[in-house]
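Working notes, beginning with the structure itself.
Residue numbers start from 1 in every chain, and the chains themselves are labelled A, B, ... in the order their sequence lines are given, proteins ahead of strands.
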Amino acid sequence: MSDQSESRIITARKEKVEQVREQGINPYPNDFKRQNTCKDIRSEMEGLTPEQVEGSGKSYVLSGRIMAVRDFGKAAFLQLEDGSGRIQVFIKKDVLGEEEYALYKMLDVGDIVGISGTPFVTRTGELTIQADGVVLVTKSVRPLPEKWHGLKDVEIRYRQRYVDLIANPEVREVFRRRTALIKHLRDHLDENGFMEVETPMMHPIPGGATARPFVTHHNTLDMDLYLRVAPELYLKRLVVGGFERVYEVNRNFRNEGISTMHNPEFTMLEFYMAYADYRDMMDFTEELLQTVVQKAAGGTSITYQGTELDFARPFTRLAFYDALYGVKGFSESEGSDHGKAAAFARKAEIPVSDKDPLGKVHLKIFEHFVEPKLTAPTFVYDYPISVSPLSRRSDADPEIAERFELFVAGMEIANGFSELNDPRDQENRFRQQVAEFDAGDEEAHRMDSDYIRALEFGLPPTAGEGIGIDRLVMLVTDSPSIRDVILFPHQRAEQP
RNA sequence: GAGCCAGUAGCUCAGCCCGGUAGAGCACCUGACUUUUAAUCAGAUGGUCGAAGGUUCGAAUCCUUCCUGGCUCACCA
């Protein structure tokens with residue numbers, strides 16, 4: 001940004017930096033040693049009478065950003081904010097002395113300062129630090145958003161998240177809760193014998209989910225690589241290798257649409273449990289989510305966009321085909337006929353292709369009619385085999401996959417299944433997927449011969465699951481958009 | 001990718017229908033004020049009205065195209 005296009009406020013502040021330098025003061029020193037945080041001071045003084053506070057003999061050294069100033073000419077109140085909270089500071093000319101008071105007068109809202117002083121309680125009852133020393137720690141040259149209305153412009157909030165975080169305390173709280181929730185998930189998995197691992201983000205063959213990948217290129221090897229759409233196939237290789245319970249919390253990348261529920265990169269928890277099937281996994285998921293929601297939200301019940309959602313066990317369980325044939329006007333006799341099912345879908349303006357396998361048509365009808373209505377945490381289980389290329393076939397019905405998905409507030413939160421460990425069946429399913437890919441379905445799986453080779457060594461019976469962390473955080477923080485729970489959501493490049 | 005809505009001072013917003021020299025609050029600057037809580041009081045400054053074209057004597061306002069964002073839909077988790 002050129003000097004001419006900058007606002008005069010920024011220009012004036014930059015000049016101030018030079019003035020400070022001319023007075024022999026470093027506007028960006030790094031030798032100020034903070035000794036107390038706002039929170040520490042508050043807890044030390046909690047419950048004391050004003051007389052006790054003033055008579056405590058305590059002296060504090062703190063540092064933070066000036067968030068507000070109420071100036072009275074020869075005295076002033078500052079609101080000082082550090083990472084732990086806020087505290088009020090009282091500056092008085094006759095306490096500070098002529099010279100240091102002149103330095104205070106050079107300060108602006110937004111500057112980071114160091115304060116030493118003693119606690120007292122004002123006559124309005126607010127715990128305050130009476131400053132006996134003030135130093136500039138970091139000069140700020142850009143004005144903060146307005147104190148009362150704050151920063152509302154969503155574009156600036158997402159692009160300049162640092163400003164959003166300074167101006168909007170509730171945004172900081174959302175991301176603290178996000179971090180806490182992920183920690184609770186890890187804790188629960190660790191306590192249950194899971195080992196956290198890291199698998200490649202760059203895949204020679206994209207796999208593990210039906211999704212279009214991002215492509216990148218390795219120069220030295222002169223080969224294309226794909227940002228992973230899922231870690232699934234690598235995690236199962238680890239189960240083959242003998243790590244019987246593994247998990248990974250990390251980013252997946254899918255080259256698809258952006259919406260309030262989709263970001264091109266998003267965080268997924270995937271975990272695998274040997275000697276378990278998909279029913280065990282549903283049980284485990286209930287336990288996991290109940291525990292985590294309880295810790296993150298203080299109870300099993302949360303309110304999402306005005307709707308009460310209860311994560312207390314057990315969750316509702318609904319067989320896929322029971323749900324599907326509960327759709328008005330769609331009976332089993334129609335559903336079992338590809339032509340009739342496709343016609344039903346088209347009548348509802350659901351785009352289906354003649355090449356879509358019957359199971360895919362069923363899934364599309366399900367997604368259109370059933371999914372949005374699944375508000376309370378609900379497991380849907382026993383999916384069509386053709387849309388579940390990595391899931392174990394049901395022994396009772398070869399057209400059914402031992403797979404489930406968890407829906408909450410109409411959003412898909414989790415997807416899990418008994419893993420397909422028959423290498424011959426897996427190879428055939430890959431072939432089927434390759435045929436769909438060749439027919440133009442860019443989301444279909446590719447052949448992964450090494451994965452087949454791994455299965456040939458023997459994958460014990462295993463259940464696996466992926467949980468969409470961003471969406472879970474949306475629920476727990478009552479956020480309407482996924483962008484509200486991702487620190488730097490994807491945006492178009494900023495225009496110069 | 002389609003539809004709808006929005007973009008005016010650092011921030012939050014009026015003004016746009018119905019064309020006539022750009023407005024408010026807060027912030028910033030000046031002055032007053034030594035216990036305030038969105039401090040108060042007085043005054044001053046600040047704008048290529050998202051961009052480019054067009055219509056017009058005259059455009060923030062009407063028209064066209066483009067850019068950016070939000071929402072809905074589509075694809076998807």
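- Residues forming a salt bridge (Lys or Arg N to Asp or Glu O under 4.0 Å) with A:R392 (at least two apart in sequence, or on another chain): A:D395, A:E402.
- Applying the 4.0 Å criterion to OP1 and OP2 of B:C71, one finds that A:T260 has every side-chain N and O outside that range.
- Here A:F266 lies parallel enough and close enough to stack on the base of B:A77, with planes under 30° and ring centres under 5.5 Å apart.
- The partner of B:C75 cannot be assigned: no Watson-Crick or G-U wobble pair with both contacts below 3.5 Å exists in any strand.
- Within the 4.0 angstrom heavy-atom criterion, no nucleotide atom of any strand lies near A:G468.
- In this structure, A:H149 places its NE2 atom 17 Å from P of B:G10, rounding to the nearest Å.
- A:R70 has a side-chain polar atom (N or O) that falls below the 4.0 Å cut-off from OP1 or OP2 of B:A39.
- When distances are taken from the side chain of A:T128 to each of B:C71, B:U36, B:A77, the shortest belongs to B:U36.
- Within 4.0 Å (heavy atoms only), A:I156 reaches sugar-phosphate atoms of the nucleic acid but no base atom.
- When the nearest nucleotides of RNA chain B are assigned to A:Q79 and A:E349 by heavy-atom distance, the more 5′-ward of the two goes with A:Q79.
- Partners of A:Y451 according to the ring pair (Phe, Tyr, Trp, His ring centres under 6.0 Å) rule, which considers only residues two or more places apart in sequence or in another chain, do not exist here.
- When heavy atoms are screened at a 4.0 angstrom cut-off, A:D441 is found touching no nucleic acid atom at all.
- Of the side-chain N and O atoms in A:R212, none sit less than 4.0 angstrom from OP1 or OP2 of B:C75.
- A:G466 comes within 4.0 angstrom of nothing in the nucleic acid, heavy atoms only.
- Pairing partner, B:A24: B:U12, with both Watson-Crick or wobble hydrogen-bond distances short of 3.5 Å.
- A heavy-atom distance below 4.5 Å is found between the side chains of A:E465 and A:T285.
- Pairing partner, B:U40: B:A32, with both Watson-Crick or wobble hydrogen-bond distances short of 3.5 Å.
- For the salt bridge (Lys or Arg N to Asp or Glu O under 4.0 Å) condition, the pairs that include at least one residue of residues 110-124 of chain A, sequence neighbours left out, are A:D111-A:K139.
- In this structure, B:C62 and B:G54 make a Watson-Crick or G-U wobble pair, each of the two defining distances being under 3.5 angstrom.
- Residue-level contact check: A:R123 touches the bases, meaning some heavy atom is under 4.0 Å from a base atom.
- Figure legend. B:C17 is base-paired to no nucleotide; pairs are counted as Watson-Crick or G-U wobble with both atom distances under 3.5 Å.
- A:R429 meets the salt bridge (Lys or Arg N to Asp or Glu O under 4.0 Å) test with A:D425; sequence neighbours excluded.
- Side-chain N/O atoms of A:Q491 include one lying less than 4.0 angstrom from OP1 or OP2 on B:G70.
- Comparing B:U35, B:C11, B:C71 against the side chain of A:F77 picks out B:U35 as the nearest.
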Task: Footprint string (nucleotides 26-33 of chain B, 5' to 3'): B base within contact, S backbone only, - free, heavy atoms under 4.0 Å - done: BBBS---B
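- For A:P50, the side chain to side chain contact (heavy atoms under 4.5 Å, CB included) test picks out A:V121, with sequence neighbours left out.
- For A:Q88 against B:U36, a side-chain N or O and a base N or O form a donor-acceptor pair under 3.5 Å.
- Across all strands shown, B:A6 forms a Watson-Crick or G-U wobble pair, both distances under 3.5 Å, with B:U68.
- A:R483 comes within 4.0 angstrom of the backbone, heavy atoms only, and of no base.
- Rounded to a whole Å, the CD1 atom of A:I258 is 16 Å from the P atom of B:C73.
- Contact annotation for A:Y158: backbone-only contact, meaning every heavy-atom pair under 4.0 Å involves sugar-phosphate atoms and none involves a base.
- Counting non-hydrogen atoms under 4.0 angstrom, A:E443 reaches the backbone sugars and phosphates but no base.
- The nearest heavy atom of RNA chain B to A:E155 and to A:D94 marks one nucleotide each, and the one closer to the 5' end goes with A:D94.
- Note: CG (A:L227) to C1' (B:A77) measures 17 Å, nearest angstrom.
- A ring-centre distance under 6.0 Å is not found for A:H362 and A:F320.
- As rounded to whole Å, 11 Å separates atom C1' of B:G1 from atom CZ of A:R492.
- Atom CD of A:Q305 and atom P of B:C71 are 12 Å apart (whole Å).
- No engagement by A:N415 is indicated, since no non-hydrogen atom pair under 4.0 Å with the nucleic acid exists.
- With respect to A:R403 and A:E419, no salt bridge is recorded, no charged nitrogen being found less than 4.0 Å from a carboxylate O.
- Around CD of A:E170, the count of heavy atoms belonging to other residues, nucleotides or ligands within 6.0 Å exceeds 12.
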